[in-house]
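Reminder, nothing fancy here: chain letters follow the sequence lines and each chain counts from 1. The structure presented is a predicted model; accordingly, all values stated were derived computationally and were not measured.
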Amino acid sequence: KAGVTQTPRYLIKTRGQQVTLSCSPISGHRSVSWYQQTPGQGLQFLFEYFSETQRNKGNFPGRFSGRQFSNSRSEMNVSTLELGDSALYLCASSSNPGTGPHEQFFGPGTRLTVL
Amino acid sequence: AQSVTQLDSHVSVSEGTPVLLRCNYSSSYSPSLFWYVQHPNKGLQLLLKYTSAATLVKGINGFEAEFKKSETSFHLTKPSAHMSDAAEYFCVVSGSSGSARQLTFGSGTQLTVLP
């Protein structure tokens, strides 16, 4: 099976712009989660989508949003970019529908740089 | 609520010597525990997982971890380090349902393997 894919791999934006990142999960996986990784804050959970519905949300401002399509592909959007949004954004997919161990498989990430 | 503490931010070992990466967790329910590894400019790869079955868990590449409930620990070990083991390692806790299903990451341990 192909792994989790994320596009683009690298992105450079300026403050105030908005950005959309894309994630395609492993075939058959219906849960997609997003994480932000920075040197200062480490790995932080953004949100999780399952069957096109946001199921969990981390402590991020409303500028961070996401959605999931019927084929389980997911996008996350960041509006009004700030310098502090520079990070590696990781997407993870899981086949687990609701209970039990929530093993997740990660993509390579999108490196976002905000200038 | 759940949290993870990785007791060492950096560990340095010589090739061929044992590896010990320490992790303590806090959880108000029976947790699932994971160790992930991240090589430079790569995504996260699952090394092993604990899901309330055997307390000694074997993972890929010769790594194993022991779940000790009385000590709330889940330390990662390997008998003999290889140069290719140099990477950052994350201890992760997850609950079984609801908002607890999101992965909560430790701050990471950078493993250096000296020739």
Kindly indicate whether a cation-pi arrangement holds for B/K49 with B/F34, taking the cut-offs as under 6.0 Å to the six-membered ring centre and within 45° of the axis. no

Would you check if the distance from the ring center of B/Y25 to the ring center of B/Y50 is below 6.0 Å? no

Which class fits the ring pair A/F106 and B/F105: parallel under 30°, tilted 30 to 60°, perpendicular over 60°? perpendicular

Heavy-atom distances under 4.5 Å only: say whether B/Q38 touches chain A with side chain, backbone, both or neither. side chain

Any side-chain donor paired with an acceptor under 3.5 Å for B/Q6 and B/T109? yes

Given that the side chain runs from C-beta out, which part of A/L43 has a heavy atom under 4.5 Å from chain B: side chain, backbone, both or neither? both

Using non-hydrogen atoms and a 4.5 Å limit, figure out which bit of A/Q6 sits close to chain B: side chain, backbone, both or neither. neither

Residue part contacting chain A, namely of B/L44, when any heavy atom lies under 4.5 Å: both

